[in-house]
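Chain letters run A, B, ... following the sequence lines, proteins first and then strands; every chain starts at 1. For the numbers below, each heavy atom of this structure counts, side chains included, while hydrogens, waters and symmetry mates do not.
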Amino acid sequence: MDWPDSTKRMQEAWIGRSEGAELLFALENSALGDLKVFTTRPDTVFGVTFMVIAPEHPLVDALTTPAQREAVAAYRKQAAAKSDLERTDLAKGEKTGVWTGSFAINPANGQKIPVWIADYVIMGYGTGAIMAVPAHDERDYAFAQKFNIPVIQVIEPDHAEGRNGHGTTKLPYTGDGRLVHSNGYSGLPWEEAKKKITADLAARGRGQATINYKLRDWLFSRQRYWGEPFPIVWENGQHRSIPESELPLLPPTLEDFKPTGTPEPPLSKATDWVQYSATAKRELNTMPQWAGSCWYYLRYCDARNSERFVGEAAEKYWMGGGKPGGVDLYVGGTEHAVLHLLYARFWHKVLFDLGYVSTPEPFQRLVNQGLILGEDGQKMSKSRGNVVNPDDVVREYGADALRLYEMFMGPLEQVKPWSMKGVEGVYRFLARVWRLVMEVDDEGVWSLSKALQDVPANKQLTKALHETIKKCGEDIEKLSFNTAISQMMVCTNAFTGAEVKPAGAIVTFLKVLSPFAPHLAEELNAQIRAKFPNLAAKRFLSDETWPAYDPAALIEDEVEVVFQVNGKLRDKARVPVAATKEEIEKIALASARVQEFMEGKPAKKVIVVPGKLVNVVV
RNA sequence: GCCGAUGUGGUGAAAUGGUAAACACAGCGGACUUAAAAUCCGCUGGGAGGCAACUCCCUUGCCGGUUCGAGUCCGGCCAUCGGCACCA
C-alpha cells in the first residue's frame, strides 16, 4: 500500500498485537480456583514477587480478607472516581494500590505470592490481572519500591549496557539476556526460555501461548435522529431483524427531531413508527456517521443500484486494476488515521473475504493533507473564535479563489495557517488573468480586449507557456499544487507584459488553469469563442485533453553559467547551450574576476557542469 | 517516556548535491487620479565600504562530518507540533 509510514505505524500501534502467554496462578484459597494473567514475558516467571488485579476485577471481593475489606473498598472507590487520563497519564510513575490479604501460588516454583489491587492494571486489556516481575518491568518496579516488595532478578544481560559500574545489573532491566535463578531454565537465552516455559506450563495445564490486541470496540450506536435506523425490533425482551423485504429501512419523517431531554433517543417521538406490531417495538438508536464512511466509496461506484450495494461490473470497473487497493488516491486528514481508515479496511476485508469486492484493501494511495489553522496559528475552534467559514470566503472572493488559495498556501501535507491576505493575493492573480482577455471601458462595461489577437506567440511567450504546461502537468502528478500555481503566475506576468495577447496561446493557458479555477477559465474561454471560434474550446475546457508541451520551445540558445572559485560565486556569463565542457572551462578561466580570485595560483581542479556552473579549485 | 513529522526573510513559502529566498503577502517608492481605491512599474535577508553604478563579508535551529561544492547526504544535540491518550 502506498500509505504514509506514520499512518501505518499508528494503525499498528492501535491494533497493538502482542504475543505472550496466559498463565494460571492457583489461588491459596483453592475454593476460588485460578487467577489467569496475560504476560509477554513468561521467561521471567521465576521473578514474580506479587500479583496485581484491576480494581474492577471480578475476583476482588472473593480475594479480599476481612482485615483488608475496608482498605480495599476505599481504594476501589478512589480508583472509580479517577478518569482514564488520571489513571494513565497524570499518575505516571506514582503508583497506588492495596493488598487484598490473599495469596496465589507461582505455577513455576510453587512460591506463595501476595495478590494486590492497583489501578495501573486495567480491566479492559488482557485478563485484568498480571504477574508482577519488578526486576524486569518498570511499572512493577516502581510499585515494588513504593510498597517494599522484594525484587528478584532472573535475567542477566549479555552486554555491558545493562550493567552499572560494579558489573551488577541496573534494575529494572527490560532488555534481552539469559535466565538466572530460574531452576532448570537458568542459562537459557530469554527467547528460548519464553517458548520452553510456556510449553512446559501448557503441558501441565497451567497456561498457553496467546496473542493479545489493544484494539478496542468503537460504539456503533448514537442517540440522534440523523443516522441510519437499525433494522431491528424488540419483542418480549428479545431482538430480531426485520425481514429483508422491508429493507432499506428509512428514518421516519419527523417535524421535531431534537433530543428528548430524557434518555430516550429522538426516534421515540415517532410513536406510530416505533410500534412495529402489537407486540414489537423498533430499536430507537441510530447508526453513527462511520456506518456510512466505512463503505461510501463503494456506493459511489454505483449509487443508483437498488438491487445491490454495488453492482459487480461497476465494482470491477472502478475498484479493480490489479493493485491491492481499490481507490487510486484518497486524500484525508491524519485525524482519521486510526478510526475511519482502520475500520473502513476491516469492512472492506470482510466484503473481500465474502467475495463481494475484488481487492483486499479499500485505498491504494493515501495522502494526509495538513490541517488548516486559524489566522492566529491555532487550531480553528468556535471557542477561540478563529473559525473561517468557507461560505463567507466564496461569497466575497468566489469559489475559484477559495480553491486556488487552499492549493497555493503550501505543501498539501503540511499544517498551515489561514490568511485572508493570501486569499486576496490569489484573487488578484485571477483578476490579472481576467484582464489578459477582457478590458473595461469608461462606463465600467467589460468586453473582449482589443489586445487579444489571432497571432502566434513570440518566442519568449511560447517558452513561458510551454514551461507552464510542463511544470503544471508534473506538479499535478506530485500533488505540488502550490508550485504549479506559482508557475501559472509567472506565465500570467509574462503575458501581462506583452503588448499583443496571442489568443491561441491564452486558450492553451486556460486549459492548464481550468482544473484549478474552472469557473473563471470556462467563462474566459466562452468569451474568446465568441470572437475566435476556431481558437477556443468548442464546448468546455474540461472536455479538452491536457495540452502537450513542445520540448523544442523550452530550449534557449544561450544559458547563464556561474563561475566559482573554491566553491564561491565570483562571476557569471551567458554561453551557447551547445558549448562543450572544454569551451566553457576556457571562458571561465579567461574571466577577469575568476583570475583575480585565483590570485595567480594554478588551478588544481576544474569542475564543469554544462549549463550550470564551473568551479575552479586552487 | 516511546513513536513520528517539522525547523529557510517581517509572513506563507521555493530550491534533480550546483547562483539560497522563485511565486505570493506585508512594507517602501513611483506612475495614473482633484483625491482615494483599484491598476501598472520599481525596490525589499543581515552587515560593512562607496556620491554612485558597484564591491566584499555573513546567512537555511545548534555542533561536527562527507564533498570541488551541503538548505539538501551522514552523526550528535536543541526546539516545536502530532500520535500513543475513543468527535466523526
Among [options], which is the nearest nucleotide to the side chain of [X]?
{"X": "A:M489", "options": "B:C40, B:A88, B:A24", "result": "B:A24"}
{"X": "A:P411", "options": "B:G83, B:A13, B:C41", "result": "B:A13"}
{"X": "A:N493", "options": "B:A14, B:A24, B:C40", "result": "B:A24"}
{"X": "A:K214", "options": "B:C23, B:A85, B:U55", "result": "B:A85"}
{"X": "A:I607", "options": "B:G4, B:C40, B:G18", "result": "B:G18"}
{"X": "A:K421", "options": "B:A13, B:A26, B:U19", "result": "B:A26"}

Practice task
Give a yes or no on whether the backbone of A:S419 and the side-chain of A:Y405 come within a donor-acceptor separation of less than 3.5 Å.
Solution key: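 A pair under 3.5 Å: yes.
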Just how far, in rounded Å, is [atom2] of [N] from [atom1] of [X]?
{"X": "A:K379", "N": "B:C87", "atom1": "NZ", "atom2": "P", "result": "10 Å"}
{"X": "A:K416", "N": "B:U8", "atom1": "NZ", "atom2": "P", "result": "16 Å"}
{"X": "A:E138", "N": "B:G1", "atom1": "CD", "atom2": "C1'", "result": "8 Å"}
{"X": "A:L404", "N": "B:C23", "atom1": "CG", "atom2": "C1'", "result": "12 Å"}
{"X": "A:M407", "N": "B:A14", "atom1": "CE", "atom2": "C1'", "result": "18 Å"}
{"X": "A:E467", "N": "B:A22", "atom1": "CD", "atom2": "C1'", "result": "12 Å"}
{"X": "A:Y343", "N": "B:A88", "atom1": "OH", "atom2": "P", "result": "10 Å"}
{"X": "A:N615", "N": "B:U67", "atom1": "CG", "atom2": "P", "result": "15 Å"}

Pairing check on [N]: which nucleotide meets the Watson-Crick or G-U wobble criteria with it, both distances under 3.5 Å?
{"N": "B:C40", "answer": "B:G30"}
{"N": "B:C56", "answer": "B:G47"}
{"N": "B:U19", "answer": "none"}
{"N": "B:U6", "answer": "B:A79"}
{"N": "B:A88", "answer": "none"}

In whole Å, measure the gap between the [atom1] atoms of [N] and [M] for me.
{"N": "B:C73", "M": "B:A14", "atom1": "P", "value": "15 Å"}
{"N": "B:C78", "M": "B:A88", "atom1": "P", "value": "37 Å"}
{"N": "B:G17", "M": "B:C56", "atom1": "P", "value": "29 Å"}
{"N": "B:U80", "M": "B:U8", "atom1": "C1'", "value": "15 Å"}
{"N": "B:C87", "M": "B:G12", "atom1": "P", "value": "30 Å"}
{"N": "B:G10", "M": "B:U44", "atom1": "P", "value": "15 Å"}
{"N": "B:U33", "M": "B:C43", "atom1": "P", "value": "24 Å"}
{"N": "B:A31", "M": "B:G50", "atom1": "C1'", "value": "30 Å"}

For [N], does OP1 or OP2 lie under 4.0 Å from any side-chain N or O of [X]?
{"X": "A:R570", "N": "B:U19", "result": "no"}
{"X": "A:W218", "N": "B:C87", "result": "no"}
{"X": "A:N482", "N": "B:A14", "result": "yes"}
{"X": "A:R222", "N": "B:C87", "result": "no"}
{"X": "A:R432", "N": "B:C23", "result": "no"}
{"X": "A:K572", "N": "B:U19", "result": "no"}
{"X": "A:R428", "N": "B:C25", "result": "yes"}
{"X": "A:Q414", "N": "B:A13", "result": "yes"}

Looking at every strand, decide which applies to [X] at a 4.0 Å heavy-atom threshold: base, sugar-phosphate, or nothing.
{"X": "A:P288", "value": "nothing"}
{"X": "A:G422", "value": "nothing"}
{"X": "A:V562", "value": "base"}
{"X": "A:T483", "value": "sugar-phosphate"}
{"X": "A:F597", "value": "sugar-phosphate"}
{"X": "A:F429", "value": "nothing"}

Problem - Aromatic ring proximity A:F346/A:Y343, centre distance under 6.0 Å - result: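 Ring centres of A:Y343 and A:F346 closer than 6.0 Å.
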Practice task
Run the ring-centre check on A:F363 versus A:Y297 and record whether the distance is less than 6.0 Å.
Solution key: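 Close enough - the centres of the two rings lie under 6.0 Å apart.
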Exercise for the section: Could you tell me how the ring of A:F230 sits relative to the ring of A:F220: parallel (under 30°), tilted (30 to 60°) or perpendicular (over 60°)? Expected result: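 Ring orientation of A:F230 relative to A:F220: perpendicular.
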Problem - Cation-pi, A:F143 ring and A:K95 (6.0 angstrom, 45 degrees) - result: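 No cation-pi geometry.
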Handout entry: Six-ring centre of A:Y120, A:R139 cation under 6.0 angstrom, axis tolerance 45°
Key =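 Verdict for A:Y120: no cation-pi partner in A:R139.
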Handout entry: Syn/anti label of B:G9 as read from its glycosidic torsion, with the cut at 90° from 0
Key =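 Nucleotide B:G9 adopts syn.
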Handout entry: Trace of the side chain to side chain donor-acceptor pair (under 3.5 Å) decision for A:D550 with A:H466
Key = CA-CA 7 Å; A:D550 176 9; A:H466 285 255; 5.5 Å; no
Exercise for the section: With the side chain counted from C-beta on, respond yes when A:I607 and A:V614 share a heavy-atom pair under 4.5 Å apart, and no when they do not. Expected result: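 A:I607 does not reach A:V614 side chain to side chain.
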Handout entry: Pair A:R432-A:N493, side chain to side chain donor-acceptor pair (under 3.5 Å): steps then yes or no
Key = CA-CA 8 Å; A:R432 281 166 80 91; A:N493 292 345; 2.7 Å; yes
Exercise for the section: Measure distances between side-chain N and O atoms of A:Q564 and base N and O atoms of B:U19, and say whether any donor-acceptor pair falls under 3.5 Å. Expected result: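 No, the side chain and the base share no sub-3.5 Å donor-acceptor pair.
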Handout entry: Residue whose closest nucleotide on RNA chain B lies nearer the 5' end, A:V415 versus A:S486
Key =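 Checking each residue's closest nucleotide, the 5'-ward one belongs to A:V415.
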Practice task
Would you mind telling me which residue lines up with the more 5' stretch of RNA chain B, A:K478 or A:L569, judged by nearest nucleotide?
Solution key: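 Residue closer to the 5' terminus by nearest nucleotide: A:K478.
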